[in-house]
Amino acid sequence: MGTAHAMLVDPLVRSASVPFGLLLAAMGVGIVSYLYTELIARFVRRRAVYKVAEVRRLGEGAIEAVLAPETGRMSFEAGQFLFIRFKGNRALSEWHPFTVCSSPRESSLRLAIRAAGDYTGYLQNYLMPGTRAVVEGGYGKMDYRRGGKDQIWIAGGIGITPFLSWIRDMPHRLEYRIDFFYTVRTPEEAFFLSEILEAVRRHPHFKLHMHYSAEKGRLSVERLADELKGGLAGKSVYMCGPAPMLAAFKRDFRRRGVPAASVRYERFHFR
């Protein structure tokens, strides 16, 4: 309908041929993408059906949902995200991305979700055990195993999810030296801290730097560098958290000479 309407706007068609051509190209891509998603994707994309087995309250405005497989099992790499739609509730039936915080070796999927907008806020109150879910994925290429032997991990708030998947999937012998900076506002928001500390006890080269911004202020590259031994040279950096935090860290890492190729991050905007 939009394409048909645009073709009837004479000033656009007659006097702005180049912008009109670009507009038509964009509309064509959109139409093809829509038709592919509705008619073809369901037959070629990897999907499986799960059922919500448990919904656990982590704290105010945050839950962990456990999904048990019903038909098949979704394969994914630690740290990847999936698209999920929940059946039986119209408000939750649209596709939404979630980073999996469980290990690929587990039979169930675990999702840590914080209310950050209309969809996730509604999900906090109305996602119930027994709800069926269609799962598609996995997507994303942030993988610490592709990085160097010396690494920095930075998680802000619910951005802990990909790192939690990595931690739960760690081999018995960790071959990387990792400094993990986990920043939250208060101790009550440090979800899964006991599990992370247990991983620290198991792996001598895995070190946790806990940062409470309500007490210490915003975590910055300067503060991070002060706590590290040997500086930032040669480090592979992995980050996940709010967009303003990621933008500030990317900028400051570049100012300190860390190559852009050494910084990897997951940025989430869906709410």
Side-chain angles (χ1 to χ4, degrees), residues 58-59 64 76-81 99-110 112 138 140-213 215-241 245-246 249-250 252-253 256-259 261-266:
L58 299 175
E64 182 182 40
F76 64 96
E77 298 291 335
Q80 286 191 313
F81 67 92
T99 301
V100 185
C101 61
S102 52
S103 164
R105 295 194 297 265
E106 300 178 44
S107 61
S108 297
L109 298 176
R110 288 192 272 176
K141 296 184 179 297
M142 195 172 78
D143 187 346
Y144 78 96
R145 293 168 297 184
R146 300 180 182 180
K149 294 300 183 182
D150 291 304
Q151 299 187 3
I152 299 170
W153 295 1
I154 305 170
I158 202 64
I160 186 68
T161 49
F163 301 105
L164 196 57
S165 180
W166 290 350
I167 291 169
R168 289 169 170 170
D169 194 52
M170 277 182 177
H172 179 71
R173 181 177 179 181
L174 186 63
E175 299 180 354
Y176 301 86
R177 292 176 291 274
I178 300 168
D179 285 277
F180 182 27
F181 290 82
Y182 183 17
T183 176
V184 294
R185 196 172 61 85
T186 63
E188 292 74 25
E189 297 178 358
F191 307 134
F192 309 104
L193 181 57
S194 60
E195 188 174 349
I196 297 170
L197 290 173
E198 177 59 32
V200 170
R201 286 189 285 270
R202 291 198 313 267
H203 303 286
H205 297 304
F206 182 58
K207 184 176 181 181
L208 175 65
H209 305 261
M210 201 66 224
H211 185 92
Y212 300 111
S213 59
E215 301 173 6
K216 303 178 182 179
R218 183 177 62 87
L219 179 64
S220 64
V221 172
E222 288 73 22
R223 290 184 179 224
L224 181 148
D226 289 341
E227 295 190 35
L228 291 174
K229 296 180 180 179
L232 302 175
K235 303 279 189 179
S236 295
V237 181
Y238 295 90
M239 308 185 295
C240 184
M245 183 194 88
L246 298 181
F249 271 107
K250 285 197 303 178
D252 293 342
F253 274 124
R256 284 181 165 260
V258 178
S262 297
V263 180
R264 294 286 181 268
Y265 58 91
E266 178 183 285

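- Under a 4.0 Å N-O distance rule, the pair Lys207/Asp179 does not qualify as a salt bridge.
- In this structure the side chain of Ser236 never reaches within 4.5 angstrom of the side chain of Tyr144, judged on heavy atoms.
- Looking at heavy atoms from C-beta onward, Tyr265 lies out of side-chain contact with Met245 at the 4.5 angstrom threshold.
- Judged by distance alone, with hydrogens and angles left aside, the side-chain atoms of Thr161 form no donor-acceptor pair with the main-chain N or O of Cys101 at under 3.5 Å.
- Although no hydrogens or angles enter the test, the distance criterion places no donor-acceptor pair under 3.5 Å between the side chain of Gln151 and the main chain of Tyr176.
- Using modelled atom types, one side-chain atom of His211 and one backbone atom of Gly217 make a donor-acceptor pair closer than 3.5 Å.
- Within 6.0 Å of atom CD in Glu175, 12 or fewer heavy atoms from other residues, nucleotides or ligands are found, so the atom counts as exposed in its surroundings.
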Show the numbers, then the answer: is there a side-chain contact (heavy atoms from CB on, under 4.5 Å) between Val237 and Leu232?
-> CA-CA 9 Å; Val237 181; Leu232 302 175; over 6 Å; no

Which is it for Phe249 and Val221 under the side-chain contact (heavy atoms from CB on, under 4.5 Å) test, yes or no, and what are the steps along the way?
-> CA-CA 6 Å; Phe249 271 107; Val221 172; 3.4 Å; yes

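- Judged purely by atom type and a 3.5 angstrom limit, Arg223 uses its side chain to pair as donor or acceptor with the backbone of Lys216.
- Contact check for Arg168 versus Ser165: no side-chain heavy atoms found under the 4.5 Å cut-off.
- Proximity of a side-chain donor or acceptor of Glu195 to a complementary backbone N or O of Phe192 within less than 3.5 Å is not detected.
- Using cut-offs of 30° and 60° on the angle between ring planes, the pair Tyr182 and Phe180 is parallel.
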Decide side-chain contact (heavy atoms from CB on, under 4.5 Å) for Lys141 and Arg264; before the verdict, give the C-alpha distance in whole Å, the side-chain angles of both, and the deciding distance to 0.1 Å.
-> CA-CA 9 Å; Lys141 296 184 179 297; Arg264 294 286 181 268; over 6 Å; no

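- The local environment of CZ in Arg173 is sparse, with at most 12 non-hydrogen atoms from other residues, nucleotides or ligands closer than 6.0 Å.
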Could you walk me through whether Ile154 and Phe253 pass side-chain contact (heavy atoms from CB on, under 4.5 Å), step by step?
-> CA-CA 12 Å; Ile154 305 170; Phe253 274 124; 3.9 Å; yes

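- In this structure, the side chains of Asp169 and Pro104 come closer than 4.5 Å at one or more pairs of heavy atoms.
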